[in-house]
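To keep things clear, I will list the structure first and then write my remarks on it.
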Amino acid sequence: MADTNAKLTVNGEEYELPIIKGTLGRPVIDIAALQESGFWSYDPGFKVTAPVESKITYIDGGKGELLHRGYPIDELANNAEYLEVAYALLHGDLPTADQKADFFEKIREHTAVHDQLRKFFEGFRRDAHPMAIMVGVVGALSAFYHEDLDVSNEAHREITAIRLIAKMPTLAAMSYKYSQGEPFMYPRNDFNYAENFLYMMFATPADVDYEKNDVITRAMDKIFTLHADHEQNASTSTVRLAGSTGANPYACIAAGIAALWGPSHGGANEAVLEMLDEIGTVENVPEFMEKVKSREVKLMGFGHRVYKNFDPRAQVMKETCDEVLEALGINDPKLELAMALEKIALEDPFFIERNLYPNVDFYSGIILKAIGIPTSMFTVIFALARTSGWISHWLEMHSAPFKIGRPRQLYTGETRRDFVKVEDRK
Ligand code: ACO
């Protein structure tokens, strides 16, 4: 709520701009009065702009704090299942035992996809990137649920959230199976969320003795939790912006998946492994570091727009990474290389001065590789996990009046000029 005003003087005219305080974090200055001033605000990259009010996630980048609905991320990742976290993101609190049972059951009921959707996959080349497939098939879900697509109807919004969270592992695993030329595996509803995803990824119909691995399942579930939400990041802002037009939620989530794909965002864990391939061996690390310092390349998996001391998700991820590597007895030179790179970067003044620390994607890439997940699936797994966050933000936006997102610009193009016929153009 506004309890005091900031004053801004533009061309001799004074504007009172309300200062609004949230429950945590920096207060904001409401600049709506600038509308009258003849100026726009200018903030490339939205570095100091809060376009929304939200109750879902709080980040203190300086302290390295991440809270979902008030709960610290490490407590959630170490004690709760991903679906409980998803419930909290959607509903505001962690579920009671009854609410948990009911929510998990609803998710189980919706894990299967319409059989017709299988045909979509056949339209893609076998070597298509699974993120390309995900953008297509998730958007296509809107063609399957016309009857529940009234975004002003709360029940429709709720069932859509359930469907999306339930079907993402199935679609993600299908995109992998398709690339391998293997048959799709139907979800098994006696398995939990992470077990089911791993089963649909790695089992085959011939595999009658498929065995679950508890360490891997728990690591997978933690990866889901650690990627579930991150307030107004690029993909979540994309989902909100698309949603602000009244677009259907499947299309909005497809837009979020597209935004996540980029290497500066969700594509970073895939880029980490590509970088390790490029470096090759530990001996080549110093030469690579020189390229980083001369700004030829970035050290992927390092740095964050918000966290400038450490990424709290990376801490949990590092512990999980150690557990998985130990449990699987992995001795992969690429993983050794990653650890050597981490050590050198953490001690190098270039990184220390710029507050560049490993982010969650540095370790998640390593864990996923150890589990046997192919690199091209890394960002898909991020998208799967982030779906609960995206749809929670979409629901939050729809639970109160909102305006279409329509930024302004600083125009620096040609001024008005006359049309010239093609034969007279020079
Ligand atoms: N490697 C080398 N230098 C870096 C890196 C990096 N990974 N990240 C930032 N820097 C440098 C910049 O060159 C800049 O140096 P300068 O001040 O000498 O010019 C300084 O650190 C500040 O960096 P910015 O680009 O201003 O930081 P910004 O907040 O805009 O970027 C970002 C954050 C995009 C995440 C960046 O750190 C990056 O590209 N990292 C690698 C990609 C990555 O891991 N992305 C995943 C993010 S986490 C997620 O999406 C879940």
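Indexing begins at 1, ligand by ligand and atom by atom, following the structure's order. On a predicted model such as this, the values are computed, not experimentally measured, just so you know.
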Original post:
With ring centroids as reference points, do His398 and His156 lie under 6.0 angstrom apart?
Top reply: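 Not close enough - the centres of the two rings lie 6.0 Å or further apart.
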Subject >> Aromatic ring proximity, centroids under 6.0 angstrom, His230 and Tyr307 >> reply: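 Judged by ring-centre distance (under 6.0 Å), Tyr307 and His230 do meet the cut-off.
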Using a distance threshold of 4.0 Å (strictly less than), state whether [atom] has a protein heavy-atom neighbour.
atom: atom 22 (C) of ligand 1; value: no
atom: atom 7 (N) of ligand 1; value: yes
atom: atom 32 (C) of ligand 1; value: no
atom: atom 3 (N) of ligand 1; value: yes

Original post:
Do side-chain atoms of Thr245 reach the backbone of Leu241 as a donor and acceptor pair under 3.5 angstrom?
Top reply: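 Not a single qualifying donor-acceptor pair exists.
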Subject >> Donor-acceptor under 3.5 Å (Tyr82 side chain, Ala385 main chain) >> reply: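 Flag set: sc Tyr82 to bb Ala385 pair under 3.5 Å.
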For [atom], what's the nearest protein heavy-atom neighbour? Residue, atom name and distance, please.
atom: atom 40 (N) of ligand 1; result: Phe302 O, 2.9 Å
atom: atom 1 (N) of ligand 1; result: Leu299 N, 2.9 Å
atom: atom 42 (C) of ligand 1; result: Met300 CE, 3.4 Å

Which of the numbered atoms in ligand 1 are under 4.0 angstrom from any heavy atom belonging to [X]?
X: Gly301; value: 43 (C), 44 (O)
X: Leu356; value: 3 (N), 4 (C), 5 (C), 8 (N), 9 (C), 10 (N), 21 (O)
X: His304; value: 33 (C), 35 (C), 37 (O), 48 (S)
X: Asp361; value: 49 (C), 51 (C)
X: Arg295; value: 15 (O), 16 (P), 18 (O), 19 (O)
X: Val292; value: 2 (C)
X: Ser264; value: 45 (N), 46 (C), 47 (C)

**OP:** Could you tell me whether Lys291 approaches ligand 1 through its side chain, its backbone, both or neither, with non-hydrogen atoms closer than 4.0 Å?
**Re:**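 Looking at Lys291 and ligand 1, no heavy atom falls under 4.0 Å.
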Original post:
For ligand 1, which part of Asn359 has a heavy atom less than 4.0 Å away: the side chain, the backbone, both, or neither?
Top reply: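 Near ligand 1, Asn359 shows its side chain, while the N, CA, C and O stay back.
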Original post:
Would you say Arg386 touches ligand 1, if touching means a heavy atom closer than 4.0 Å?
Top reply: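 The answer is no, since Arg386 has no heavy atom less than 4.0 Å from ligand 1.
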Show me the donor-acceptor pairs, under 3.5 Å and distance only, between side chains in residues 407-414 and residues at least two apart or in other chains.
| residue | atom | partner | partner atom | Å |
| --- | --- | --- | --- | --- |
| Tyr411 | OH | Glu414 | N | 3.2 |
| Tyr411 | OH | Glu414 | O | 2.6 |

Ignoring hydrogens and angles, write down the donor-acceptor pairs under 3.5 Å from the side chains of residues 179-187, residues two or more places apart or on other chains.
| residue | atom | partner | partner atom | Å |
| --- | --- | --- | --- | --- |
| Ser179 | OG | Tyr176 | O | 2.6 |
| Glu182 | OE1 | Lys177 | NZ | 2.6 |
| Tyr186 | OH | Arg118 | NH1 | 3.2 |

Original post:
Rounded to the nearest 0.5 Å, how far apart are CG of Leu299 and CZ of Phe362?
Top reply: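 Spacing of CG (Leu299) from CZ (Phe362) equals 7.0 Å.
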With only distance considered, is [X] within less than 3.5 Å of ligand 1 through an N or O on each side?
X: Ala268; result: no
X: Phe382; result: no
X: Arg305; result: yes

Original post:
Who gets closest to atom 25 (O) of ligand 1 by heavy atom: Lys47, Lys298, Arg354, Lys308?
Top reply: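 Answer by nearest heavy atom: Lys298.
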Lys/Arg N to Asp/Glu carboxylate O, [X] vs [Y], below 4.0 Å:
X: Glu323; Y: Arg218; result: no
X: Glu278; Y: Lys291; result: yes
X: Glu109; Y: Lys106; result: no
X: Lys55; Y: Glu396; result: no

Subject >> Residue pair Thr375 / Glu274, side-chain donor-acceptor N/O under 3.5 Å >> reply: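 Per modelled atom types, Thr375 and Glu274 side chains form no pair under 3.5 Å.
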Subject >> Geometric class of the Tyr193/Phe224 ring pair [parallel <30°, tilted 30-60°, perpendicular >60°] >> reply: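 Aromatic pair Phe224/Tyr193 classed perpendicular.
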